[in-house]
Amino acid sequence: MNRLRASLLHGSIVALAAACGLPCAGQAQVASPPPGKALVVMYRADKQPVAARVPAIANADRLGDIGNGEFVNAVVNPGRTFLRVGDKILTTLAIQTSANRTSYVLIQAVPGLSPVRVEMREMDEASARRVLAQSRPAGAGAAAAPRVAAAAPAPRSVVAPAVPLAAPRAAPPPKPAAPPPPARAQAAPPPPPAPRRSMTPKEPPPPVDEEEEQAAERSKWSVAIIAKTGAFKLSTVSQSIGGLMTSYDKSSKPVAAFEVEFRHKEGFAIGAEALYYKNSLTAPGAGTTFAGDQTVISGMVNGKYYFGGDSGTFHPFVGAGFGFAGAAFSGDIQGKSSGPSFQGMAGADLRFGDFGLYLEYKYVSATTQDSANQKIKVGGSGILAGVSIAF
């Protein structure tokens, strides 16, 4: 009898210890990320507690189901990280992670909605740790129940043998009964594959992954505006225009260019550019000298490659473009001409964050034609400098 009481007391103590000990063991222990990796801590703290648990996913890795007052850790590569939480209704969040740093993301379930929908936002470390001090790892609460339940049957296992003590000869039969439990334990392994198959359909559908890939691809592009000016000189300083041998002032004044380009993180860029330059000209005639100006506006579609991608400060580049040039004459010589234009360029962009100092050498080849089918060369070369601003 004393044995029975002692066993009952021992089982009660074990059950109480398991019930009280698990929450204590579940206190958040936020580890440091492995060298060269980043750590993302996703923790849930509902304003109005919602009982339902929801799956948490970082990039393509499922971290498990998270309930109110729980957290999960995810070790990821530094850079853009995509988080998804939810089952039938998914909530997504993209964050920028850094090597050897920990990021904190708060999850809150919206009360009164079925199926459950959550909200996510990135938090600072001080705010997160105050909540994490009262949190437990995801799944720790579910693990507590089996331990308490296992402690309760202990008294029954003591009472059961107490009955056959009066008949020692009946004791041997229970020994043959012992093998069946191992047989059941051996039969138990086959059922686990069934839950795995049932969990497979719960994985996010491919369209969601495709949307993430598209979002990640879009994040690799940025827009830059470049404004520049400098020195530009014509390649041809003497040619016949309207039957008159015309001489140009070789140096263009003024010179200006404006460019918009789309830049990829790998270093490729495409864009459009407008180039403006003006030169004075003279043409000796019969007893007089004609004077005027030639104004050229060229529109180009450019392709460039910046060495070094989008990292660092110094970004040398090479590129080429093609488009259309138009020349207008004013003063004593009047008229217009137009034709195709081509250009090559090389230079460097010194970037300080979104702001850059831009330096470029360009060569423009352009031959225009007027209404009388007279061809006029308006190309040249020059060095331009300016600023670039990326968005």
Side-chain angles (χ1 to χ4, degrees), residues 21-46 53-87 90-109 118-144 199 202-204 208-222 264-266 308-313 351-354:
L22 280 172
C24 298
Q27 294 295 335
Q29 298 296 328
V30 179
S32 299
K37 297 290 185 177
L39 180 65
V40 179
V41 180
M42 303 171 68
Y43 63 98
R44 179 172 165 185
D46 299 343
R53 303 168 66 82
V54 290
I57 299 170
N59 293 329
D61 297 327
R62 180 165 180 148
L63 308 176
D65 293 348
I66 185 170
N68 185 34
E70 297 180 346
F71 73 93
V72 292
N73 293 340
V75 176
V76 299
N77 292 322
R80 201 73 167 175
T81 299
F82 295 90
L83 307 176
R84 302 197 306 273
V85 176
D87 189 1
L90 288 176
T91 300
T92 62
L93 177 67
I95 63 173
Q96 188 71 25
T97 57
S98 303
N100 306 317
R101 298 289 298 275
T102 301
S103 301
Y104 301 87
V105 176
L106 171 63
I107 303 171
Q108 290 181 321
V118 301
E119 297 176 348
M120 288 194 294
R121 62 179 179 274
E122 191 170 5
M123 303 294 290
D124 60 85
E125 182 177 359
S127 301
R129 286 189 177 272
R130 284 196 295 269
V131 178
L132 285 168
Q134 308 298 325
S135 301
R136 61 184 181 277
M199 291 173 62
K202 293 183 179 180
E203 290 295 331
V208 176
D209 293 338
E210 291 177 2
E211 291 176 2
E212 286 188 358
E213 291 178 0
Q214 292 174 1
E217 185 63 28
R218 287 194 296 269
S219 67
K220 294 181 180 180
W221 290 91
S222 62
H264 193 272
K265 287 187 175 182
E266 300 298 329
D310 67 340
S311 60
T313 302
R351 299 176 188 170
F352 306 93
D354 295 334

Looking only at heavy atoms, what is the nearest atom pair of N100 and G36, with distance? OD1-N, 2.9 Å

Measuring from atom CG of L90 to atom CG of L83, what distance do you get when rounded to the nearest 0.5 angstrom? 12.5 Å

Which distance, rounded to the nearest 0.5 Å, do you find between the OG of S135 and the OH of Y43? 8.5 Å

Check for a donor-acceptor pair, side chain of Q108 on one end and backbone N or O of D46 on the other, with a separation under 3.5 Å. no

To the nearest 0.5 Å, how far apart are OG1 in T91 and CD in E119? 7.5 Å

Output all residues satisfying side-chain hydrogen bond (donor to acceptor under 3.5 Å, both in side chains) with K265, sequence neighbours left out; order by chain, then residue number. none

How many angstroms lie between CG in N73 and CG in L39, if you round to the nearest 0.5 Å? 5.0 Å

side-chain contact (heavy atoms from CB on, under 4.5 Å) partners of A94, counting only residues at least two apart: R80, F82

Do E70 and R44 pass the side-chain contact (heavy atoms from CB on, under 4.5 Å) test, and can you show the C-alpha distance, the side-chain angles, and the key distance before you say yes or no? CA-CA 6 Å; E70 297 180 346; R44 179 172 165 185; 5.7 Å; no

If you look at every heavy atom in R351 and G309, which pair is closest and at what distance? NH1-O, 3.9 Å

Atom pair NZ (K37) and CG (N77), whose distance is rounded to the nearest 0.5 Å: 3.5 Å

side-chain contact (heavy atoms from CB on, under 4.5 Å) assessment of Y104 paired with D124: CA-CA 7 Å; Y104 301 87; D124 60 85; over 6 Å; no

Residues I66 and A138: closest non-hydrogen pair is CA-CB, 4.3 Å

Residues forming a salt bridge (charged side-chain N to carboxylate O under 4.0 Å, His left out) with E125, sequence neighbours excluded: R129

Test your reading of the model: is there a side-chain donor-acceptor pair from T97 to the backbone of G79, 3.5 Å cut-off? yes

Partners meeting side-chain contact (heavy atoms from CB on, under 4.5 Å) with R101 (sequence neighbours left out): S98

Please identify each residue that fulfils side-chain contact (heavy atoms from CB on, under 4.5 Å) with D61, with sequence neighbours left out. none

Tell me, with the steps shown, if L106 and M120 meet side-chain contact (heavy atoms from CB on, under 4.5 Å). CA-CA 6 Å; L106 171 63; M120 288 194 294; over 6 Å; no

Pairwise distance CD1(I57) to CG(L63) - rounded to 0.5 angstrom: 8.0 Å

Correct closest heavy-atom pair for P34 and V75 would be CD-CG1, 3.8 Å

Using side-chain contact (heavy atoms from CB on, under 4.5 Å) as the criterion, list what pairs up with S222, not counting sequence neighbours. R263

Considering non-hydrogen atoms only, spot the tightest contact between I95 and E122 and give its length. CG2-OE1, 3.6 Å

